[in-house]
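First up is the structure itself, then whatever we jot down about it.
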Amino acid sequence: MFQKILIANRGEIAVRIIRACRELEITTVAVYSEADRDSLHVQVADEAVCIGPAPAQDSYLAMDRIIETAKKTGAEAVHPGYGFLAENPEFARLCEDSEIVFIGPASQSMELVGDKIRSRQTMEKADIPIIPGMKEVHKNIADYANEAKKIGYPVMIKASAGGGGKGMRIAYNADELMPGLEAGKREAKSAFGNDSVYLEKYIEEPRHVEVQILADNFGNTVHLFERECSIQRRHQKIIEESPSVALDPDLRYIMGETALKVVKAAGYNNAGTVEFLLDKNRNFYFLEVNARLQVEHPVTELVTGIDLVHQQLHVAAGEKLALKQSDLKQKGHAIECRIYAEDPDNQFLPSSGRVLYLKEPHGPGVRHDCGIFSGCEVPIYYDPILAKLIVWAGDRDMAIRRMSEALNDYVILGIKTTLDFLKDVFAHPEFKNGSTTTAFISRYFDDWSERSGSEENRKIVAIAAAYDSLQNVHIRTGKHGEQELETSPWLTLGKWRMGRG
Amino acid sequence: MFQKILIANRGEIAVRIIRACRELEITTVAVYSEADRDSLHVQVADEAVCIGPAPAQDSYLAMDRIIETAKKTGAEAVHPGYGFLAENPEFARLCEDSEIVFIGPASQSMELVGDKIRSRQTMEKADIPIIPGMKEVHKNIADYANEAKKIGYPVMIKASAGGGGKGMRIAYNADELMPGLEAGKREAKSAFGNDSVYLEKYIEEPRHVEVQILADNFGNTVHLFERECSIQRRHQKIIEESPSVALDPDLRYIMGETALKVVKAAGYNNAGTVEFLLDKNRNFYFLEVNARLQVEHPVTELVTGIDLVHQQLHVAAGEKLALKQSDLKQKGHAIECRIYAEDPDNQFLPSSGRVLYLKEPHGPGVRHDCGIFSGCEVPIYYDPILAKLIVWAGDRDMAIRRMSEALNDYVILGIKTTLDFLKDVFAHPEFKNGSTTTAFISRYFDDWSERSGSEENRKIVAIAAAYDSLQNVHIRTGKHGEQELETSPWLTLGKWRMGRG
Amino acid sequence: MEFTFLIENKPVTVFLEKKDGLYYYTQKDGEAVEVDIRTISPNVFSILIEGVSHRIYLTKDGEKYYSCCNGRHFVFLGSSGDDDEAFTRGEDRSLEDMLIVKAPMPGKIIQINVEKGQQVRKNQTLAIVEAMKMENEIKAGVEAVVKKILVKNGDLVDPEKVLIELEALDNT
Amino acid sequence: MEFTFLIENKPVTVFLEKKDGLYYYTQKDGEAVEVDIRTISPNVFSILIEGVSHRIYLTKDGEKYYSCCNGRHFVFLGSSGDDDEAFTRGEDRSLEDMLIVKAPMPGKIIQINVEKGQQVRKNQTLAIVEAMKMENEIKAGVEAVVKKILVKNGDLVDPEKVLIELEALDNT
């Protein structure tokens, strides 16, 4: 096993990887941008090196700086997390050339699966069902109109190098194609440094079901069953669960086996995810391979009991896969939701600023993968994911109840987040009964607006604020003020209160 | 299922029960003493009623007040947690008489198993192996000397109504018997309001292995395997795990079956624990039935996936047990440690006062059942348990690693706790290799003293404190003081800093 | 003492006083009710009213309160007594506000979709701001005419920066 | 500026200064080393020294610091410069301290096991204090003679309350 690795990421995923490393007694090196000196991943790592200014292209995407830092600190391997350089074959190759282990697939297979067009071709040859769509990327934007006509509207515009919903657009007709292509290309360029996009038949109201796989460097593979990730907004997953309510044991078996065929066809190693669309008639289509640890990997961990980051590290260190397919079982039900710094009451616009107060949820079956803390600054430069809340329970109904209670126990003050929105999603009867297609959010939550609830709530909050003011007034008028303060136990609570004088 | 229940307890267990109730959509009523107005269980309950002054006999042990409060608030049932009234058959009977469901065994079987002497007699008749010892409680203290001689030294003095190590003393010879009896009686009186004690053969260096059981009101029973609780100090458990390293599948099967025989012999219902001593030669002896939810119940929950408090509530509501023995499996390994307000560097003397800062540990596989928060007061009146840290991992080695890292991630400032002591226990090679008999702590940790570690640590802390002072000095001299404060983002962090003026 | 807060665009007035160590609140013409309120730790308050327990999280940034109560977050305004303007603004600002199109968050202008003098319909995209790697469409809140465009492509904008000024249509 | 703290009974002196926005520390005769130190949130500091990251939790109650660093908790004393007595006390108090037997925590005296004038051996139980439902034996830290008993059975005692005074044996 490695002695020391570098984590080329930030936020909750960097923290989660550092935790896994500690458990395997691996020393960790964090890298950070100038905007992230105070970030959690810098605090929890054993070592930390600043690699450049705030914009990602100058820091978290600065491949040379990262390789150089790995060499200088003696890190034997680099874990890329998700996003940033996680699916950049050039970076994987740079690592290989520098004799630093890239914790992920080999550059070659990453290149194959990362190119959506080539991977579609490969999978078609391997008899994997795929969605009708373009077989190559066109230079000429006019050719896209012809392709779209051939495929038949609606079509989906997708970034060739993409992931995470970035660069994705739907065109329901020819008028919508050009604006969608432009926006998609711009976003793709900005997100991945590559503006190639392609078109696919848009399957309406499908479910998004993906299969987690693990493969070692010796051709041994297992799958860890499915995750259902249909609850999306703007093609970005917000809620994921395992198992999927849409699968029965037969379909689960077939999709798992198909995922392993995909892995073999791509010569893929390390952890990865095979994404499928599942239509109303239970046909499934290969979408793509996500050549990385997924945001939603914890739901798989909770139902299988396997720590995917540990597995990644073992496999990357050249160990043989210790898991056998027959030993793997799904137990109970896990759900994850992503907490974003977005204002759901205002078109989900990003919300940056300072987290003035954070209360993390706790309790049996509750896991909180978190990248923030009371007082942290949420910068505008990076993905707005703050944390992930994941619950496990014996069955789906109890998992939903548990999630709702955990969300009720979760407080973030100072910036807008998706917490209250998520509460309403989990409370929706159609979510509870499992009608969770990709159309769910736009159908039921298009016009969502914040309902803080009752008059009672407003009264209670007003009383608390009045009480707070009343105490400050006392202090200001000096009536009982200073005296009250002196006897307050809070004076001893850290330097902030001590700094009063 | 119940609509509303009352929780007749405080601290982490009250909070844990309230959480379980919320998940089952049961409204909760907390009761609290005058010392506990600001306690966590009062904050998280739906309703809260003050039932008397700080001393437990005037509040948490005031049966009439609690019954009255249940009636007044419309609570249909009372959950006693552990300690306090949990194993008081008089209270259980009072509930029964008031047509309030007591969430625990019926008073009759509680009485039987709560009387250590009677339960030994019952079990002997049912062919359950028991430890040689007194068959009845004597009035005359001189008779104990004869009994001790008959049994053979060393003997164990145990409270007849006891639990939690209270009132327990070992006498290695006749000289030690009288002082031990006196101390045991005093402690028993103070803890349980009953000073009956009895003697048992003291088995040296045994393991303490207990079996969790569940029984409904219709005679259906299951066991949820064992917990090993041998790591004790002053006969009080401090670390518990499941499974036990000392059992193989055969012994596990036999002990599980024996536990179910005990349950049937006692006519026991609801959740309970059958305690056994396991000697070096793998003989096991029935010790007693703990007629309550145990402090250490979470380790069973983590390896079986069953929520024991949910089960208690279902069974108490008159539902049939939904679990079948054949469906129950142990998966992975769970360990719990108890965080006490005690100073391990000073004979584990209780430490009360204010928690000036709390950082709760987080991470995959980490559960923290917690009764405290930053700023809470730890009163002297009650049991010094602050919280429990429980981890789950695929195997015991990883569970120990995970526990160590979670402890490293756990900060309590302002009072002395057992955190650092526990870290050293988990780091001990004999703990790692599973040599965990009840003699473990006295053998390896008798002379433990705080080692904050390296000169490096002292230097780092000194730098932080110097930095802190430097900033305060600036403020005091007014040099850059006010200005720095004004631009500090922390000014917005709550009323404390706003109260400066 | 009387306190008024603007919560969810509704003014909420409570009268809170301390008598013999106990707190009492009154609302409107109601009777005084005892409230057992405690500061639990910085930013956390516990309130018991007639046996019902509430935990309130509260912090303040200037005039703005950030709060969470019974599982719901809100941001609201407080009145210091001498600044009731915020309240009037709070209730009547909607139309005026919709004519002043601001950057809702810090980001980069990557497209301006309208021209000066152009008539726009409600929800028409006026500009696109990129932040946190996502494109965010800035839409018209009301049917109007574009009066002024104050930014250009590539501009980095701060939150609350005015991007575009609109003018109400004559017939509205 | 020079700071001395008494940590684990050892005085630790650091010299910390700010130059051009950066902090430097020096220990003993060593060279000045840059330290990147930041206040992360109340009671939490992050320190980077030559690439190594430390998270320090620190709070203060009067003279006493409570701290946790790299997974170890410590309580220590600070010097304000004009109160160096604490330091001397800190190092030399052991014997003197052991003769003054105090209640280590609040509780109730439930038994006094010695009498005035009685000679006691090291670790002999002098009294039993009950707190948090547990009996706690108060033991002699040193061989000595009982000089004064200041409490009786049933007394409620505060922390640091003197229970018994001992006198050193002549021959020690």
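A quick note: this is a predicted structure, and the numbers were derived from the prediction, not measured. Chain identifiers are assigned alphabetically (A, B, ...) following the order of the sequence lines, protein sequences preceding nucleic acid strands; residue numbering begins at 1 within each chain.
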Do any N or O atoms from the side chain of B:Ser352 and from the backbone of B:Pro379 form a donor-acceptor pair under 3.5 angstrom?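 Answer holds: no.
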
Check whether any side-chain N or O of B:Lys388 sits under 3.5 Å from a backbone N or O of B:Glu336 as a donor-acceptor pair, and report yes or no.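 It does not hold such a pair.
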
[X] versus chain B, the contacting section by heavy-atom distance below 4.5 Å:
X: A:Glu23; answer: both
X: A:Asp307; answer: side chain
X: A:Arg22; answer: both

Which of these passes side chain to side chain contact (heavy atoms under 4.5 Å, CB included) with A:Cys21: A:Asp46, A:Val309, A:Leu313?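 Exactly one pass, corresponding to A:Leu313.
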
If you compare all heavy atoms of [X] against all heavy atoms of [Y], which two are closest, and at what distance to 0.1 Å?
X: A:Leu389; Y: A:Leu407; value: CD2-CD2, 3.7 Å
X: A:Ala271; Y: A:Gln212; value: CB-NE2, 3.9 Å
X: B:Gly11; Y: B:His41; value: N-ND1, 4.0 Å

In residues 393-404 of chain A, which residues are in contact with chain B at a heavy-atom separation under 4.5 Å?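 Checking residues 393-404 of chain A against chain B gives A:Met398, A:Arg401, A:Arg402.
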
Take B:Leu224 and B:Leu308, measure what side chain to side chain contact (heavy atoms under 4.5 Å, CB included) needs, and give me the verdict at the end. CA-CA 10 Å; B:Leu224 291 93; B:Leu308 289 169; 4.2 Å; yes

Side chain / backbone / both / neither for B:Asn408 at chain A, heavy atoms under 4.5 Å: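 Looking at B:Asn408, nothing touches chain A.
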
Measure distances from B:Glu25 to the heavy atoms of chain A and classify the residue's part below 4.5 Å as side chain, backbone, both or neither.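 Contact with chain A: backbone and side chain both.
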
Contact leader toward chain A among B:Glu301, B:Arg16, B:Lys331, B:Lys329, where contacts are heavy-atom pairs under 4.5 Å: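 Most pairs with chain A among the choices: B:Lys331.
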
Going through the distances and angles, do B:Gln311 and B:Leu321 end up as a side chain to side chain contact (heavy atoms under 4.5 Å, CB included)? CA-CA 8 Å; B:Gln311 293 296 325; B:Leu321 202 56; 4.0 Å; yes

Is the distance between the ring centroids of A:His368 and A:His362 under 6.0 Å?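 Not under 6.0 Å, so no.
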
